[in-house]
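Remarks on the structure that follows.
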Amino acid sequence: MPSSSSRKNIDYSGHEFIEVIGAREHNLKNISVSLPRNQFIVITGISGSGKSSLAFDTIYAEGQRRYMESFSAYARSFIGNLERPDVDKINGLSPVISIEQKTTSRNPRSTVGTVTEIYDFMRLLFARAGEAFSYLSGDKMVRQSEDQILDTIINNFGGKKLTLLAPAIKGRKGHYRELFVQIRKQGYLKVRVDGVVQDIVAKMQLDRFKIHDIEIVIDRIVPEAKDRHRIGQSVNTALKEGKGVMMLMEENGQVHHFSKFLMDPKTGLSYDEPAPNNFSFNSPYGACPTCTGLGIVEEITEDSIIPDKNLSISRGGILPLGEYRDIWIFKKVEAILKRYNLTLTSPIKDIPKEAMKILLYGDDLPVAVPSVKIPGTEWTTKFDGIISFLKKMKDESSENVKKWMDDFTLTKVCPECHGARLKKESLHFKIDNKNISELSELNVDALQKWFNGLENRINEKQQIIAAEILKEIRKRIGFLLDVGLDYLHLNRPLRTLSGGEAQRIRLATQIGTQLVGVLYILDEPSIGLHARDNVKLIKALKDLRDLGNSVIVVEHDKDMMLECDYLIDVGPGAGRHGGNIVAEGPPKEFLKNKSTTAKYLSGEIAINYKKQRRKGSGQKLTLHGASGNNLKNVTLEIPLGSFTCITGVSGSGKSTLIHETLFPILNQHFFNSRTEPLPYKKIDGLKLIDKVIEVDQSPIGRTPRSSPATYTSVFTDIRDLFAQMPEAKIRGYKTGRFSFNVKGGRCETCEGAGLRLIEMEFLPDVYVPCETCKGKRYNRETLEVRFKGKSISDVLNMTVEEAVTFFENQPKILRKIETLNEVGLGYISLGQHATTLSGGEAQRVKLATELSKRDTGQTLYILDEPTTGLHFQDISHLLDVLQKLVDKGNTVLVIEHNMDVIKSADHIVDLGPEGGAGGGRIIATGTPEEVAKNPAGYTGKFLKMEL
């Protein structure tokens, strides 16, 4: 492939550039820009400067809209038309594919294997080339043709008296009167019922409540070679009546099984012909019946609803019932206890097992409860039992009720399939002694090794069948390795991946499609990637470009910016201070600019860090013997009162150690959470901290009604302030009057949303500003109450920066708004819909919420990659905030790949050396200087270059 300089970027479309003219979407200031085609372009800038508005809301939205326009009017009526972005025109646009972070599936059935299609090919492989084994005896299953069965009978049983049987019923209840009549009509005189041969007599029937086995006696023979033809006819009849299965009984009662399908000759167990859906945990043909293919079951148990048996029922001993109230269910419980001479005030431990069983699971005896309406009479009803009632509710109730029930639901590994998700028949098909579930548990790296050279370990017939399938599987595994995902395993649910991982999986799938002439737009694909793996990602993006595609990446990563073909900086500030193109050009020319980004890239400005590392308070929080997932019996020491950074390549066990082991232990200790931590031996030092706060990247709200103001709860204080205004007091308005979620003060036309959804026939549903309140969310009377001349709606539309000066004399409100400003969110408005915030912004709203709470000087903060979506300048602000927390005596624990954060830490814990099975050990600890000198692992090498 020629280099990018010699390769002229005019492609088959005849266009040299993608020209965007007059873009005004969101905060863009009517900008025009030309992006060279078939190049690798990076768009960067401060958070909120308008990068995503340019890449996604303008270029991608227009590309998507033009593609939709090409459909027929009939097809468009189902998809709907897309809103036209606010731009004058775009020339030279190709079909667009966007690979964003937000589009991960929350469905537990979606896994790495199903999304990359590797699992689908493996299902095909096992259905066509797998060898079946019996789950009863462990022997290999055999298929026999009629001729083979005949040969076996004549050769092995020559001269013996035999009875040929055809199974009609296998292990089922019933009286089978009609069946015996039918068999008799076919001309058969004898049957074998539950192991005993009997004549068929008139009106013959069996006990309908017992389980029976019934076989038709087809023939009695003494096998000899000269009778081959006659025995052959009987075998044919037996297989026909037994639907491909027959049995052979010797005089002593010993039975032998034969089948045209897969069968275990020892026990007579037979399997259906395997098909790909027998290996799918999303299909009823393959899924484990107990957990329906999820691998886990949710149980409501006695222990989960009665944590403390010393309490009585009236004191709230049974969690779902709560403390005693004068309601129907307590009267029923009281009536049941009365039978055993007990009351609601008896401790639960004194209630006999029998009574407890009735309370939890119910019984058929009617329970009499005295009537309140008609004194002297009783209501008699059946009692279902508390657990039975809860299970019924779980299946039928609303989301809120289900959420409430999560508190006493335990999640356990399925007892039937032990987390393998499939039926036991499916798990007994093997290739090279491994079943499909065992392969799904291997990480991609180990899986590749297993598939390499598989042809030498399987027979010739399997080789012919598997040749094409193996080619496809190896190709897809190769793409996953190319984007640095060698540590994932196929069974990993998609919802447990970070935004960057999910995006790189989709990137691997796209490289696999080998399309040409497409415009790819990616949103920060380097999230969650260690500096070592960044090289692989950049190579993957260049491969996409070299196929003949244009690649646009919205990114803050230094390496990515220096490696691209063309760099665009949007800014200079965030929100209304941004929206302009500050600098653009190939990286070498870009560095000559005086923009903030260029200064950081050229090293003119750097993120400052204290050379003097804190020693901490001298006390430690120590977690001993953590061994969940890939951790190898690790002991973690966190110096309290310091800024600790957990690093390591992707998949080395950082999340397992912190999110799945340490945080659940602390959460259980401080807040009685029910989430079980992964296995560990013990933890020391819990008394030295008094609370734990975790800030992760999940969205702060999924509806437009959620906003930074409501999430940080500053809106409650603002509403209280408006309710204190003289005008509000005269009118008798309380705080609720200023809420847009309840009736009273909100505009009832749009129910406080400010927007109305117009459902259009054959056209897309559109949101339009409400014609009654003009998007202000409140009715006229509410808006007449003003503070410093501004109504409550005006306050919601203020940016955080404006609000800081507006509320400068309101300390309670100011504290919360100031922290939003400190974490670099000065540009968002207080009432901005939460659905429009990026992952990094949502995380910083959470961080600000936690920071605005009064810290005790003994709090442990746990942050997961807080630099997501942050420009160099924003990282600098964030570090100032975190360092302030530590200066007050708190402990900050950050999981991070960003070298600027790592070099600013007081203490580093590096996990590794590799991802997956090759990781899970702590390979270096100490100050950044000490880790940089340590030859183990990759972090030290990159840190050395930074320092």
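Note that the structure is a prediction, hence the values are computed from the model and not measured.
Between the OH atom of Y60 and the CD1 atom of I521 there is a distance of 8.0 Å, given to the nearest 0.5 Å. The CD atom of E468 sits 11.0 Å away from atom CG of L124, with the distance rounded to the nearest 0.5 Å. Here the CZ atom belonging to R192 is positioned 13.0 Å from the CD1 atom belonging to I216, to the nearest 0.5 angstrom. Between the CD atom of E250 and the NZ atom of K161 there is a distance of 13.5 Å, given to the nearest 0.5 Å. How far NZ of K260 is from NZ of K243: 12.5 Å, rounded to the nearest 0.5 Å. Once rounded to the nearest 0.5 Å, the distance linking SG of C564 with CG of D559 reads 11.5 Å.
Between I118 and I477, the closest side-chain pair of non-hydrogen atoms falls below 4.5 Å. Taking 4.5 Å as the limit, some side-chain heavy atom of E416 sits within range of a side-chain heavy atom of C288. Side chains of N236 and E146 form a contact here, defined as non-hydrogen atoms less than 4.5 Å apart. In this structure the side chain of T116 reaches within 4.5 angstrom of the side chain of I505, judged on heavy atoms. Contact check for E241 versus E215: no side-chain heavy atoms found under the 4.5 Å cut-off. Inter-residue side-chain proximity for V255 and H257 is flagged as met; some heavy-atom pair is nearer than 4.5 Å. For the pair Y520 and F40, the minimum side-chain heavy-atom distance is 4.5 Å or more. Side-chain contact between Q510 and V518 is absent, with no heavy atoms from C-beta onward closer than 4.5 Å.
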- Item | Audit row: E660, S655, side chain to side chain donor-acceptor pair (under 3.5 Å) steps and yes/no | CA-CA 7 Å; E660 298 177 41; S655 297; over 6 Å; no
- Verdict with supporting geometry, Y487 and E501, side chain to side chain donor-acceptor pair (under 3.5 Å): CA-CA 11 Å; Y487 56 91; E501 286 171 332; 2.5 Å; yes
- Item | Steps toward side-chain contact (heavy atoms from CB on, under 4.5 Å) verdict (L911, I923) | CA-CA 6 Å; L911 284 126; I923 50 175; over 6 Å; no
- Should R474 and E455 be marked as a salt bridge (charged side-chain N to carboxylate O under 4.0 Å, His left out) after you check the CA-CA gap, both sets of side-chain angles, and the distance that decides it? CA-CA 13 Å; R474 286 183 186 136; E455 284 87 346; 3.0 Å; yes
- Going through the checks in order, is the ring-ring contact (aromatic ring centres under 6.0 Å, His included) test met by Y119 and F281? CA-CA 11 Å; Y119 192 75; F281 45 79; 5.3 Å; yes
- Task: Apply side chain to side chain donor-acceptor pair (under 3.5 Å) to the pair R37 and S94, showing each step before the final yes or no.
- Result: CA-CA 9 Å; R37 287 180 62 88; S94 314; 2.8 Å; yes
- Could you check R66 against S70 for side chain to side chain donor-acceptor pair (under 3.5 Å), going step by step and ending with a plain yes or no? CA-CA 7 Å; R66 290 189 194 175; S70 66; over 6 Å; no
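L515 and N549 make their closest contact through O-ND2, 3.1 Å (heavy atoms, listed as atom of the first residue, atom of the second, distance). Heavy atoms only, all atoms of each residue included: V112 and H489 are closest at CB-O, 3.8 Å. Scanning both residues, P108 and R421, for their nearest heavy atoms gives O-NH2, 3.2 Å. Between H897 and G648, the shortest heavy-atom distance links the atoms CE1-O, 3.1 Å. Of all heavy-atom pairs between C414 and T290, the closest is SG-CB, 3.9 Å. R506 and I99 make their closest contact through CB-CG2, 3.9 Å (heavy atoms, listed as atom of the first residue, atom of the second, distance).
Within the 3.5 Å criterion, the main-chain N or O of S134 finds no donor-acceptor partner in the side chain of S137. A donor-acceptor distance shorter than 3.5 angstrom exists from the side chain of N630 to the backbone of G651, with no hydrogens or angles considered. Side-chain atoms of H530 do not come within 3.5 Å of backbone N or O of S650 as any donor-acceptor pair. When atom types are taken as modelled, the side chain of R504 and the backbone of I527 share a donor-acceptor pair closer than 3.5 angstrom. For the pair S259 (side chain) and L262 (backbone), a donor-acceptor distance under 3.5 Å is absent. A donor-acceptor contact shorter than 3.5 Å is absent between the side chain of D432 and the backbone of R457. Using a distance-only test at 3.5 Å, with no hydrogens or angles considered, a donor-acceptor pair links the side chain of T111 to the main chain of L490. Panel note: side chain D194, backbone D213; a donor-acceptor pair is recorded below 3.5 Å. Side-chain N or O atoms of T152 include one that pairs as donor or acceptor with a backbone N or O of Q148 at under 3.5 Å. Not one N or O on the side chain of N277 forms a donor-acceptor pair closer than 3.5 Å with the backbone of S280.
A salt bridge is defined here as a Lys NZ or Arg NE, NH1 or NH2 lying under 4.0 Å from an Asp or Glu carboxylate O, and R228 with D151 meets this definition. At a threshold of 4.0 Å, the pair D264-K140 does not count as salt-bridged, since none of the basic side-chain nitrogens sits closer than that to a carboxylate oxygen. No salt bridge links E914 with R921; every basic N to acidic carboxylate O contact stays at or beyond 4.0 Å. Between D546 and K542 no salt bridge is recorded (no basic side-chain N to carboxylate O distance below 4.0 Å). Classification of K423 and E425 as a salt-bridged pair fails, no side-chain N sitting under 4.0 Å from a carboxylate O. Ion pairing of R123 with D120 is present here, as a side-chain N (NZ or NE/NH1/NH2) and a carboxylate O approach within less than 4.0 Å.
With hydrogens and angles left out, the side-chain atoms of S526 and N534 include no donor and acceptor closer than 3.5 Å.
No more than 12 heavy atoms of other residues, nucleotides or ligands lie within 6.0 Å of CG in D272, so this atom counts as exposed by the packing criterion. Other residues, nucleotides and ligands place no more than 12 heavy atoms under 6.0 Å from the CD atom of E460. Atom NZ of K430 is surrounded by more than 12 heavy atoms from other residues, nucleotides or ligands within 6.0 Å. Around the NZ atom of K632, the shell of radius 6.0 Å holds more than 12 heavy atoms that belong to other residues, nucleotides or ligands.
Of the options L442, N435, I436, a side-chain contact (heavy atoms from CB on, under 4.5 Å) to L439 is made by L442 and by none of the others.
With sequence neighbours excluded, no residue forms a ring pair (Phe, Tyr, Trp, His ring centres under 6.0 Å) with Y285. Listed by chain and number, the residues in a side-chain hydrogen bond (donor to acceptor under 3.5 Å, both in side chains) with E117 are R476 (sequence neighbours excluded). Residues passing the side-chain hydrogen bond (donor to acceptor under 3.5 Å, both in side chains) test with D482: none are found, sequence neighbours excluded. For the ring pair (Phe, Tyr, Trp, His ring centres under 6.0 Å) test, no residue two or more places apart in sequence or in another chain qualifies with F258. Annotation: ring pair (Phe, Tyr, Trp, His ring centres under 6.0 Å) contacts of F429 (sequence neighbours excluded): Y271, F279. Remark: H256 pairs with F157 by the ring pair (Phe, Tyr, Trp, His ring centres under 6.0 Å) rule, at least two apart or across chains.
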